[in-house]
Visitor: 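Submitted below is the structure of interest, expressed as structure tokens.
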Amino acid sequence: MSGQKRKLDSVSVEATTVKSSHAQDSPPAKTAALISRYFTGEEKSGPRLGEDFFNQPCISLAKAFLGKVLVRRLPDGTELRGRVVEVEAYLGGEDKASHSSGGKRTERNTAMFMKPGTIYVYQIYGIYLCMNISSQGEGAAVLLRSLEPLQSLEAMRELRSARRKENARPLKDKELCNGPSKLCQALDIQRGFDRRDLSSDHEVWLEQGPESPTPETMVSAPRIGINYAGEWVSKPLRFYIQGNSCVSVVDKAAERASST
DNA sequence: GGTACGATAGGCT
DNA sequence: GCCTATCGTACCG
């Protein structure tokens with residue numbers, strides 16, 4: 001409440017966008033919508049999205065996330081922005097890949113059962129974090145997998161470098177947020193964000209992006225890293241923006257199938 | 001450029 | 001013992 005400074009001048013607004021990596025052998029047809037470029041000045045993405053946005057079924061919310069802009073405001077006032085380009089839906093009780101599979105409620109996954117828009121942060125493999133947002137439906141949530149960095153890329157690079165070797169090569173722009181735990185590092189999403197509300201929090205929120213992906217540029221593919229989940233392994237519950245270089249895992253077979 | 005592999009590490013169950 | 005990952009390195013084209 002004290003000292004709500006608006007130090008916009010301290011916010012480094014980089015006009016940089018991620019360089020699109022045109023693969024030499026990529027089909028020309030559907031790779032047109034590659035990378036957004038719209039931070040050309042003072043422009044903002046628009047007002048934050050409220051409760052109504054998050055209050056929709058899980059798959060619907062997952063798809064709606066694509067193209068939206070996640071914003072993180074650091075204590076010093078710096079605002080980090082990234083456009084959501086890859087998500088996964090975890091449907092709740094019936095979904096064997098979900099932490100809430102079988103209706104299981106634990107201390108860890110409590111946020112999955114809270115009101116739509118609640119942030120669920122959990123630790124994976126001992127060292128990494130993943131960020132989800134609860135949706136409509138008991139125990140259902142959307143995992144954020146990749147962002148296209150838009151603003152304050154140098155701050156992201158510093159945050160990401162913290163846990164890497166000192167003499168490691170510098171990260172390319174597109175490597176800053178191209179994975180569920182990488183985006184948590186790049187935006188400094190900590191365990192303390194668990195159970196907070198993305199529709200009202202002062203340090204993290206979601207904004208309308210300038211453009212939503214058309215159905216043609218959205219790919220549905222199986223989710224990553226859930227090979228234990230029986231018949232749920234192959235369900236196409238991962239969604240990403242086709243051709244965007246920040247997507248963590250490209251599924252060529254799924255892209256071929258969806259282009260027909 | 002891509003892909004594949006082993007090492008990593010801590011909390012949850 | 002498993003897990004909604006990542007890193008560095010090796011190797012291939």
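Just so it is clear: chains get the letters A, B, ... in the order the sequence lines come, proteins before strands, and each one is counted from 1. The analysis underlying the following values was restricted to heavy atoms, covering all of them including side chains, and did not include hydrogens, waters or symmetry mates.
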Visitor: Select base, sugar-phosphate, or nothing to describe what A:Glu88 touches, counting heavy atoms under 4.0 Å on all strands.
Guide: nothing
Visitor: Between C:dT4, B:dT13, B:dT8, which one does the side chain of A:Leu143 approach most closely?
Guide: C:dT4
Visitor: Is there a Watson-Crick or G-U wobble partner for C:dT4 with both distances under 3.5 Å, and if so, which one is it?
Guide: none
Visitor: Where the side chain of A:His99 is concerned, which of C:dT6, B:dG1, C:dT4 is the nearest nucleotide?
Guide: C:dT4
Visitor: Any ion pair linking A:Lys252 and A:Glu255 (charged N to carboxylate O, less than 4.0 Å)?
Guide: no
Visitor: Counting heavy atoms from C-beta on, name the nucleotide in C:dT4, B:dT8, B:dG11 closest to the side chain of A:Ile127.
Guide: B:dT8
Visitor: Just wondering, more than 12 heavy atoms not from A:Gln190 lying within 6.0 Å of its CD?
Guide: yes
Visitor: Go through C:dT4, B:dT8, B:dT13 for me and flag the one nearest to the A:Tyr122 side chain.
Guide: C:dT4
Visitor: Picking from C:dC3, B:dG11, C:dA5, which would you name as closest to the side chain of A:Arg191?
Guide: B:dG11
Visitor: Could you check whether A:Arg160 pairs with A:Glu175 (Lys NZ or Arg NE/NH1/NH2 to Asp/Glu carboxylate O, under 4.0 Å)?
Guide: no
Visitor: Looking at every strand, decide which applies to A:Ile226 at a 4.0 Å heavy-atom threshold: base, sugar-phosphate, or nothing.
Guide: sugar-phosphate
Visitor: Considering only side-chain heavy atoms of A:Tyr125, which listed nucleotide, B:dT13, C:dT4, C:dC7, is closest?
Guide: C:dT4
Visitor: Just compare B:dG11, C:dT6, C:dA5 and give me whichever is closest to any side-chain atom of A:Gln123.
Guide: B:dG11
Visitor: Look at all strands and tell whether A:Lys235 reaches a base, only sugar-phosphate, or nothing, counting heavy atoms closer than 4.0 Å.
Guide: nothing
Visitor: By the 4.0 Å heavy-atom rule, please label A:Ser98 as base, sugar-phosphate, or nothing.
Guide: base
Visitor: Out of C:dT4, C:dT6, B:dG10, which nucleotide sits closest to the side chain of A:Met112?
Guide: C:dT4
